[in-house]
Undergrad: 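One structure, as structure tokens, below. Some questions next.
Since the model is a prediction, treat every value here as computed from it, not as a measurement. Values below: every heavy atom of this structure, side chains too, minus hydrogens, waters and symmetry copies. A, B, ... follow the sequence lines: proteins, then strands. Residue 1 opens every chain.
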Protein chains: 2
Amino acid sequence: MTDLKSSSNPLFLREEDLRQGIELLFYAYRDFTAEPDAILTKWGLGRAHHRVIYFVGRNPNITVTELLAILKITKQSLSRVLGTLIEDEFINQRADPSDRRRKLLTLTEKGRELERELTTTQMARFARAYRETDAEAVEGFRRVLSGIINPEDRARVRPRQRTGSGRG
Amino acid sequence: MTDLKSSSNPLFLREEDLRQGIELLFYAYRDFTAEPDAILTKWGLGRAHHRVIYFVGRNPNITVTELLAILKITKQSLSRVLGTLIEDEFINQRADPSDRRRKLLTLTEKGRELERELTTTQMARFARAYRETDAEAVEGFRRVLSGIINPEDRARVRPRQRTGSGRG
DNA sequence: CTAATTAAGTCAACATGACTGACCTTAAAT
DNA sequence: ATTTAAGGTCAGTCATGTTGACTTAATTAG
């Protein structure tokens, strides 16, 4: 009855497979955020603060505009979260010498420590998942998830900087 | 300098690779939810309503308790969202004949239509990503994301019901 | 049969993180 | 000198989560 939709035609993407992807992404994200959320609560911070801390740590001297492009939230929303982080001395601002309207954001030592604590839990989760599979699976994961991201933002995810054999 | 951390030791999971996973998941989830969110706004609904509609559609006659286990939110939070959906006639409730404390949830025709509209955008995104890669990559994606999910919930994501050759 | 447990619902109060819209300052670019 | 861009701010709103206390109804265990 549903034979056309199932294995008889390997080129037909079955709804079941697509829904499985949807659900994997939902559950993975749900669990991926749970541990950091618990740590953040101890500091009186939330998930929005985590995202800012993460991307400032990852991109030292990032500007507010660039941060907005990553997070895709409004300036007002970011402003409040960023204000807290600066006041609590997790993040430093300094004027860009070449354009003094711009403020360059960096983590303070305190900020780096919190970033490390938060990111460690998420890296441990990925390390476990990577180890449970193999390099081929990890590459597949990377390529599929990259395809889920809007094309214009795929380049934001830094490609591995290969130091080994692969040059071409 | 960082040679030990890089390609010279293929068993060492480099921080760069782990962070790439973190970022892929962040961007993928951000874009994955954007289209449904826009549709939901037209109906005066939010992301929380989507999740309920999705999982009720996926699990007809699901109970509130089971829904709570999937969503991992509080009964009070679910109650508000579910109340709206029942009032707006996206979801039906009926008592379980074998245990009349339980209420079984199903989508109405209106609910099925909205579910279809929302899920279609997400399935299209996965279909594109799957087509851009290959079956091996998809399998890798599945295995890695499954490893990100807490072990006790991995079985919630239904394995493909194979109708083809593989029986054992 | 009674007591305990379970499923569900409800009320109140609160926190977080989004949003819109209006407006202002500062500095760079034309 | 004017326009544009980056950034900040104020005010109000909404969605979605939280805790805690409590109720009702129905099943299950002693």
Undergrad: Is the closest basic N to carboxylate O distance between A:Arg47 and A:Glu35 below 4.0 Å?
TA: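 Between A:Glu35 and A:Arg47 there is no salt bridge, as every charged N stays at least 4.0 Å from the carboxylate O atoms.
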Undergrad: Can you classify the ring geometry of A:Tyr29 versus A:Phe32 as parallel (below 30°), tilted (30 to 60°) or perpendicular (above 60°)?
TA: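 A:Tyr29 and A:Phe32: tilted rings.
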Undergrad: Check the orientation of A:Phe90 and A:Trp43. Use parallel for under 30°, tilted for 30 to 60°, and perpendicular for over 60°.
TA: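 Perpendicular: the ring planes of A:Phe90 and A:Trp43 meet at over 60°.
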Undergrad: Taking only Lys NZ, Arg NE, NH1 and NH2, and the carboxylate oxygens of Asp or Glu, determine whether A:Arg154 and B:Glu132 approach each other closer than 4.0 Å.
TA: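 Salt bridge: yes.
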Undergrad: In plain terms, say whether A:Lys72 and B:Asp31 are close enough for a salt bridge, that is, a side-chain N and a carboxylate O under 4.0 Å apart.
TA: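 B:Asp31 and A:Lys72: salt-bridged.
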Undergrad: So, are A:Glu15 and B:Arg116 salt-bridged, with charged N and O less than 4.0 Å apart?
TA: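 A salt bridge is present here (some side-chain N lies under 4.0 Å from a carboxylate O).
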Undergrad: Would you say the base of D:dG20 and the side-chain of B:Gln76 have a donor-acceptor pair closer than 3.5 Å?
TA: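 Looking at the base of D:dG20, it does pair with a donor or acceptor on the side chain of B:Gln76 (distance under 3.5 Å).
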Undergrad: Does a salt bridge link A:Glu113 with A:Lys110, judged by any charged N lying under 4.0 Å from a carboxylate O?
TA: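 Salt bridge between A:Glu113 and A:Lys110, a charged N being under 4.0 Å from a carboxylate O: no.
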Undergrad: Is the closest basic N to carboxylate O distance between A:Arg156 and A:Glu66 below 4.0 Å?
TA: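 Yes.
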Undergrad: Let me know the distance between NZ of B:Lys75 and P of D:dG20, rounded to the nearest Å.
TA: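 One finds 14 Å between P of D:dG20 and NZ of B:Lys75, rounded.
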Undergrad: I'd like the 5' and 3' limits of the part of DNA chain C contacted by chain A, with heavy-atom contacts below 4.0 Å.
TA: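 For DNA chain C, the relevant span reads C:dG17 to C:dA28.
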Undergrad: Can you list, in residue-number order, the parts of residues 77-106 of chain B that come under 4.0 Å of DNA chain D, counting heavy atoms only?
TA: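 Contacts with DNA chain D under 4.0 Å: B:Ser77, B:Arg80, B:Asp99, B:Arg100, B:Arg101.
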Undergrad: Contacts to DNA chain D from residues 36-50 of chain B, heavy-atom cutoff under 4.0 Å, which residues?
TA: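 Output list: B:Gly46, B:Arg47, B:Ala48, B:His49.
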Undergrad: Taking 4.0 angstrom as the limit, do A:Arg142 and A:Glu139 come out as a salt bridge?
TA: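 The answer is yes: the pair qualifies as a salt bridge.
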Undergrad: Using 4.0 Å as the upper bound for N to carboxylate O, is an ion pair formed by B:Arg19 and B:Glu23?
TA: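 Result for this pair is no, no salt bridge flagged.
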